[in-house]
Asks: 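Can you keep this structure in mind? I'll have questions shortly.
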Amino acid sequence: MDHEQGFTMWEGYVDWRNRAAIKGCHGGAVAASFVLVVEILENLAYLANASNLVLYLSKFMNFSPSASANIVTNFMGTSFFLALLGGFSSDFFSTYYIYIISATIELMGLLMLTLQACMPSLRQPICASVNRNTPCKEVGGGHIAMLFSGLYLVALGVGGIKGSLPSHGAEQFDENTPQGRKHRSSFFNYYIFCLACGALIAVTLVVWIEDNKGWQWGFGISTVAILSSIVIFLLGSRTYRIKVPTGSPMTTIFKVLVAAFSNSLFPKNSIGNVLDTRETPQNTTEISEEEGHGEQNTEIQTEMKDLKFIGKATVENTAYPSLHCTVKQVQDVKIVVQVVPIFMSTVMLNCCLAQLSTFSVQQAATMNTYIGALKVPPASLPIFPVIFTMILAPVYNHMIIPFARAVTKSEMGITHLQRIGTGLFLSVVAMAVAALVEMKRKRVAKQSGLMNSTEPLPITFLWVALQYLFLGSADLFSLAGLMEFFFTEAPLSMRSLATALSWASLAMGYYLSSVIVSIVNHITGRFQQTPWIYGSNLNHYHLERFYWLMCILSGFNFFHYLLWATRYKYRSTKTDDERDQLDNTPSEA
């Protein structure tokens, strides 16, 4: 820490005016609380439309159920995938400015969608056909251009927000103290809680308004919500501490990989132990800095040998002096490579989560959606996992984690990977439940003679709520665990990008869902008269078979995850001095 005029400064952080951030004035719980409130409004604006979008596309834009489902999964997948761009930009510039820019872009997209919903001349006439097997004329021309322009401006904005806001909040806490790390862990738990709060308002009040008052009101509420979030975020500017960017994290990754590849193809000498090359004059400084850290040096050498190809980047190659990499740079890239298998193992879980906003909503729309005299919109089904998340998140933070810390005598209590694994297991159970519920729904439709009817089936939609409950629980365990895992394990210069991997996993899950649907339809269409998931009538789908397939794939994915998770060694298990030494080693990037 530096001292100016009697104040203690945060090293490596500035305030919103680019002045040195002051300890006690910037950062902490107050600054993070602004981020949490902003997340409630941001997620409200996003989910208010995404949760009900499949019905808007089918009823007002005349897309088929399967086409609507694919549009929604592609839209949500793109939104989350663009979080990587948001995370990269946040590390290169700052989380503060990337949020403001991204929220403004989302606001522009919502304004376009609101305008289209308000003016009948800008959208397709509502289809009057009462026969589900008779296709309606889909939207086209300028109407579809305006629709997708608005949707993907929203996607771009959401991606930037998801890639910057969680890291911005987590950076408000001092990770060099146990108390600061515990508060940061609590922040991620309450970040999920705030996601649920925004979702609760979105899938109840806003969805009801969309179904009963018109979609123009729903889009309008989302527009006001995102505008309000920008105002509240700016009000907290005086409290934030903002990490000073240290350059593009991709530059370091690219440089190390190119150096490793170059040294592998054109080795200067026969390489027995890669780290022996560190004894060259160019690396003398690094060695002298590490002489006092014998145990750390041994640990680095051991870890470097685990990935010999990347370790070759430390070799001094006189033919390409600009490619010389420090041990710190190689270690950073090694960490990124190590978390990739964990990241890939969560994609299948998010593929299952994609069903929450597509087929599950359409299932509920064919069922009895009354609870007593109250008619519940099908798109409000996610209220069940949302309420459960709002209950479980505080319980987990204030009861389960303290108990686990007391039992295990460790700072984390329950490790990040244990939490992620719990989520993956619950996703397997959820898909099995979904298959059983769909079998029951179709059996009721057949027994009631309503296979080709638009009348609601004599079965309550609460049966579908069971799969929502398990998938919502899986999301709670996996998303919070992933975000904290990536943020904690990543090098300082890559934290926003690493945290964005949590959302990229969601994106790949949504894309994979669309791919699996297409592959299933292609294969089953060749052996049967009609593919499993095709047409305008959900009762003619073989959705239960699709769910069983997802259950089996999720089971294989769970065992694949266990293979990597049991072999992973936490970077955060190093002592504070070791972490500081690794993070503060001079870098050439």
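Computed from heavy atoms alone, side chains included, the values below leave out hydrogens, waters and symmetry copies.
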Asks: Tell me the closest heavy-atom pair linking Gly421 and Phe558, and the distance in Å.
Replies: O-CE1, 3.5 Å

Asks: Any chance you could measure Leu57, atom CG, to Ile71, atom CD1, to the nearest 0.5 Å?
Replies: 5.0 Å

Asks: Side chain of Asn557, backbone of Ser345: donor and acceptor closer than 3.5 Å?
Replies: yes

Asks: Is there side-chain contact between Tyr152 and Asn74, with at least one heavy-atom pair below 4.5 Å?
Replies: yes

Asks: Just jot down the side chain to side chain donor-acceptor pair (under 3.5 Å) partners of Ser33, sequence neighbours excluded, or say none.
Replies: none

Asks: Please assess Leu424 against Val428 for the test side chain to side chain contact (heavy atoms under 4.5 Å, CB included), listing each intermediate value before the final yes or no.
Replies: CA-CA 7 Å; Leu424 294 177; Val428 178; over 6 Å; no

Asks: Met483 and side-chain contact (heavy atoms from CB on, under 4.5 Å): which partner among Leu501, Asn189, Thr499, Thr488?
Replies: Thr499

Asks: What is the distance from atom CG of Asp475 to atom OG1 of Thr389, rounded to the nearest 0.5 Å?
Replies: 7.0 Å

Asks: Return yes if some donor-acceptor pair links the side-chain N/O of Thr422 with the main-chain N/O of Phe477 below 3.5 Å, else return no.
Replies: no

Asks: Taking only residues two or more places apart in sequence or in another chain, which ones pass salt bridge (charged side-chain N to carboxylate O under 4.0 Å, His left out) with Lys442?
Replies: Glu544

Asks: Check this for me: Phe148, atom CZ, are more than 12 non-hydrogen atoms of other residues, nucleotides or ligands nearer than 6.0 Å?
Replies: yes

Asks: Partners of Glu210 by salt bridge (charged side-chain N to carboxylate O under 4.0 Å, His left out), sequence neighbours excluded?
Replies: none

Asks: Assess, by modelled atom type and distance only, whether the side chains of Thr78 and Tyr511 contain a donor and an acceptor separated by less than 3.5 Å.
Replies: yes

Asks: Within the side chain of Tyr547, is there an N or O that forms a donor-acceptor pair under 3.5 Å with the backbone of Leu436?
Replies: no

Asks: In Å, rounded to the nearest 0.5 Å, how long is the span from CG of Leu156 to CD1 of Ile161?
Replies: 10.0 Å

Asks: Under 3.5 Å, side chain of Thr369 to main-chain N/O of Ala365, donor-acceptor pair present?
Replies: no

Asks: Looking at residues at least two apart in the chain, or sitting in another chain, which of them share a salt bridge (charged side-chain N to carboxylate O under 4.0 Å, His left out) with Arg419?
Replies: none

Asks: Can you list everything that forms a ring-ring contact (aromatic ring centres under 6.0 Å, His included) with Phe486? Sequence neighbours excluded, please.
Replies: none

Asks: Please find the pair of heavy atoms, one from Ile226 and one from Ala103, that lie closest to each other, and give the distance.
Replies: CG1-O, 4.0 Å

Asks: Let me confirm one number: the NE2-CD1 distance from His168 to Ile98, rounded to the nearest 0.5 Å.
Replies: 12.5 Å

Asks: Hey, could you give me the SG/CG distance between Cys194 and Asn43, rounded to the nearest 0.5 Å?
Replies: 9.5 Å

Asks: Where does the angle between the aromatic ring planes of Trp532 and His542 fall among parallel (under 30°), tilted (30 to 60°) and perpendicular (over 60°)?
Replies: perpendicular

Asks: For residues 220-234, pull every pair meeting salt bridge (charged side-chain N to carboxylate O under 4.0 Å, His left out), keeping only residues two or more places apart or in separate chains.
Replies: none

Asks: How far apart are the closest heavy atoms of Ala31 and Gln172, and which atoms are they?
Replies: CB-OE1, 3.5 Å

Asks: Taking C-beta and beyond as the side chain, do Phe359 and Val517 meet within less than 4.5 Å on heavy atoms?
Replies: yes

Asks: For the residue pair Tyr56 and Trp215, is the inter-centroid distance of their aromatic rings smaller than 6.0 Å?
Replies: yes

Asks: Main chain of Gly509, side chain of Ser513: is a donor-acceptor contact present, judged purely on distance under 3.5 Å?
Replies: no

Asks: Do Gln363 and Phe461 make a side-chain contact, defined as non-hydrogen atoms from C-beta onward lying under 4.5 Å apart?
Replies: no

Asks: Is there a donor-acceptor pair closer than 3.5 Å between any side-chain N or O of Ser222 and the backbone N or O of Ala45?
Replies: yes

Asks: Would you say that Leu538 contacts Arg441 through its side chain, given a criterion of any heavy-atom pair below 4.5 Å between the two side chains?
Replies: yes

Asks: Apply salt bridge (Lys or Arg N to Asp or Glu O under 4.0 Å) to Glu484 and Arg184, showing your working.
Replies: CA-CA 8 Å; Glu484 188 174 359; Arg184 184 180 64 190; 5.4 Å; no

Asks: So which heavy atom on Val38 is nearest to which on Ser229, and how close?
Replies: CG2-O, 3.6 Å

Asks: Show your working on side chain to side chain contact (heavy atoms under 4.5 Å, CB included) between Glu39 and Lys162 and close with a plain yes or no.
Replies: CA-CA 9 Å; Glu39 183 52 42; Lys162 299 299 186 187; 3.4 Å; yes

Asks: Shortest non-hydrogen contact from Tyr396 to Pro402?
Replies: O-CD, 4.3 Å

Asks: Can you find a heavy atom in the side chain of Met76 that is under 4.5 Å from one in the side chain of Tyr46?
Replies: yes

Asks: Check whether the side chains of Thr114 and Thr223 place a donor and an acceptor atom closer than 3.5 Å, and report yes or no.
Replies: yes

Asks: Rounded to the nearest 0.5 Å, what separates atom CZ in Phe343 from atom OG in Ser502?
Replies: 9.0 Å

Asks: Just do the side chain to side chain contact (heavy atoms under 4.5 Å, CB included) check on Leu110 and Leu227 with the steps written out, would you?
Replies: CA-CA 10 Å; Leu110 286 171; Leu227 179 61; over 6 Å; no

Asks: In sequence, state the C-alpha distance, the side-chain angles, and the governing distance for Ser167 and Thr95, and then conclude on side chain to side chain donor-acceptor pair (under 3.5 Å).
Replies: CA-CA 7 Å; Ser167 296; Thr95 54; over 6 Å; no

Asks: Quick check against the 3.5 Å criterion: does Ser448 have a side-chain atom that pairs as donor or acceptor with the backbone of Leu450?
Replies: no

